[in-house]
Amino acid sequence: MSVASAAATAAHGAGRTSDRLLARPRVVVGSLIGFQLLVTLVYALSVQRNGWVFFQGGDQIWLTTQGWLLGQLELPPTELGYLWSLVLMPIMWVTGPTYVDALPPLIALQVLVLGPVALLCVYDLGCRIGGRLLGYWASLLWVIAPFATIPLFVDRYQERFGEQFLPQALGLTAMSDYPSMVLCLAAAVFVVRSIDASRLTDAVLAGLLLGAAGAMKPPNLLLGVGAALAYLVARRWRVGVVFGLAIVPSLLLLAYWKDKGLGGIPVLSLEETRLAAGSAVGVTIDFDRYFDLNLDHWLKQMDELREFFFSPRVAQWAPIAGLVAVLRVRRWPIAALLAGWLAAFLVVKGFSPRATIESGSFWRLLMPAWPAYLLLFASIPLLVPTLARRLGERLRPPEPRAVTIPWIAVAAALSLAVPATVIAASSPLEGPDLALTQDDGGNFILTSVDASVNLRVEPSAEGTRLTWVDPVRRANVFYRVYRAAGEDVECENTDGHPAQSCYVRGGPIAVTRATEYVDAEPPPGATYRIGVGTNWVDDPAFGDVFAFSRPATAPVG
């Protein structure tokens, strides 16, 4: 058999195989979902962890404390978005006020529910670009790319990427980054569907989903840059306007949330202007608070990418090649969406000094744009000469189903009606009984006061003996003993609106794994408090306190 005939036979066989796969999308996608769950489980069991605690990015304590407080109809200082905490709220009714105890159901929710949703969204967007075959390919990349990327870094960086970033990218933490990414993906799906079919219901759902993503983390609204470009390129003016209007209620609710908890909207600042006839107060937009475009910092990060990654040119040029491929198959609006989506996050987040490759924060802050990068990367095979022509009708995307009004009603209820009701019914937090703010070197963390940590202080021959009872946790924990001469908290003076912040003023005097401690030289009238801490490596020298006991005062005399 000649080489030409062998190649023709192989191509014919590949065509028959692809046609069989195209005829069974449920089997293929279902198998990919099962494979995703399997590799996530294998990773979770093999990576370093402490019980249910994987490496966390830092906001998990604030977010879960906020969710627990909202469950008590108490409104904390509203520094972060509200939606993820509202999702946590019913979980924490059952598990209690700490993120460590909430992790089992929380991880199950993300891995078993949000994980398959994300894969289905990647599949759908892949189908819109190059038919079901590209949808399968993009979905397979979505599953394997996080793990296949690890060996592409130098040895000394693989732990940082594989053990410190991937748990957040796979939904194994209490952070809001993973659900934010899934919401952005879902919004992008319905943006594309609304353009392809020019359906207003799809545009409404896309706007509600993007508004919900902004309510979870306001920077997620950067996806709107790509969506606006897509509507502009497609000339779907009416559908684009409906999409924009559907976002507005979430923005208003977010502003209400910020104002009720902080007494103002952080992005807006009041500036007093002196005039000849008196004074006036004007509103200015504080862009510097959220947009710190530092070109020197970006160039430094590209140097770090060169230091840690096997080929920075591949990483930098892959999305550009993918964009050319999407344009080549004439998916102009999708190309605009993916390019605008990725570029907006790169400029706003990648140029920010908060995003550093060396620390790993670069990957987490750009996580909501990771699907855009992957879809562009997955599209590169469309650049192969004559491939698009040979695929022919296989590139045609399946006809999407129309979104029905009941689904829009459900989305509006979950993203608007329920949050608005909870926020309106909640009273601004007063006093230190339910939560305290710890100042960890300028990093302020809202932390719950866990009544189940029962502290007793009594005199003994050695000094003052502290004993406490702590319930069984979902990870190994340690205890920090805090002591203050007199009152151990300081609350900001407010009139009850906005929410009050009460800061821990006692200092740690000991770290122990035991549930007792003797203070050999107690000051008169000392106030004690126990902080419960943990971390992914089970090292008492690191990790934040995730719960405080109620205070106890040493007896006098």
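Note that the structure is predicted; figures quoted are calculated from it, not measured. Along the sequence shown, residues carry numbers from 1.
In this structure the side chain of M89 never reaches within 4.5 angstrom of the side chain of Q66, judged on heavy atoms. Contact check for F345 versus P368: side-chain heavy atoms found under the 4.5 Å cut-off. Counting heavy atoms from C-beta on, the side chains of L103 and F54 never come closer than 4.5 Å.
E358 CD: 12 or fewer foreign heavy atoms inside a 6.0 Å radius.
Aromatic ring pairs are classed by plane angle as parallel below 30°, tilted from 30° to 60° and perpendicular above 60°; the pair Y136 and Y123 is parallel. Note: F377 and Y373 have parallel aromatic rings, judged against thresholds of 30 and 60 degrees for the angle between ring planes.
The heavy-atom pair separating P116 from V111 by the smallest distance is CD-O, 3.3 Å. The shortest non-hydrogen separation linking P333 to A234 is CG-CB, 3.7 Å. The two residues A335 and L327 have their closest heavy-atom pair at CB-CD2, 3.6 Å. In plain terms, the two heavy atoms of L446 and W62 that are nearest each other are N-CE3, 3.0 Å. Scanning all heavy atoms of the two residues, the minimum distance from P428 to K260 falls at CG-O, 4.3 Å.
The residue from D202, L200, V204 that alone fulfils the side-chain contact (heavy atoms from CB on, under 4.5 Å) condition with V403 is D202.
Between D196 and R193 there is no salt bridge, since none of the side-chain N atoms of the basic residue sits less than 4.0 Å from a carboxylate O of the acidic one. Between D124 and R128 there is a salt bridge, with a side-chain nitrogen of the basic residue lying less than 4.0 Å from a carboxylate oxygen of the acidic one. R364 and D177 are joined by a salt bridge, as a carboxylate oxygen and a charged side-chain nitrogen come within less than 4.0 angstrom of each other.
Between the side chains of Y99 and T173, not a single donor N or O lies within less than 3.5 Å of an accepting N or O.
Between F153 and F308, the ring center distance fails the sub-6.0 Å criterion.
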* Go through L338 and L323 one step at a time and tell me if the side chain to side chain contact (heavy atoms under 4.5 Å, CB included) criterion holds. => CA-CA 8 Å; L338 297 179; L323 180 62; 5.8 Å; no
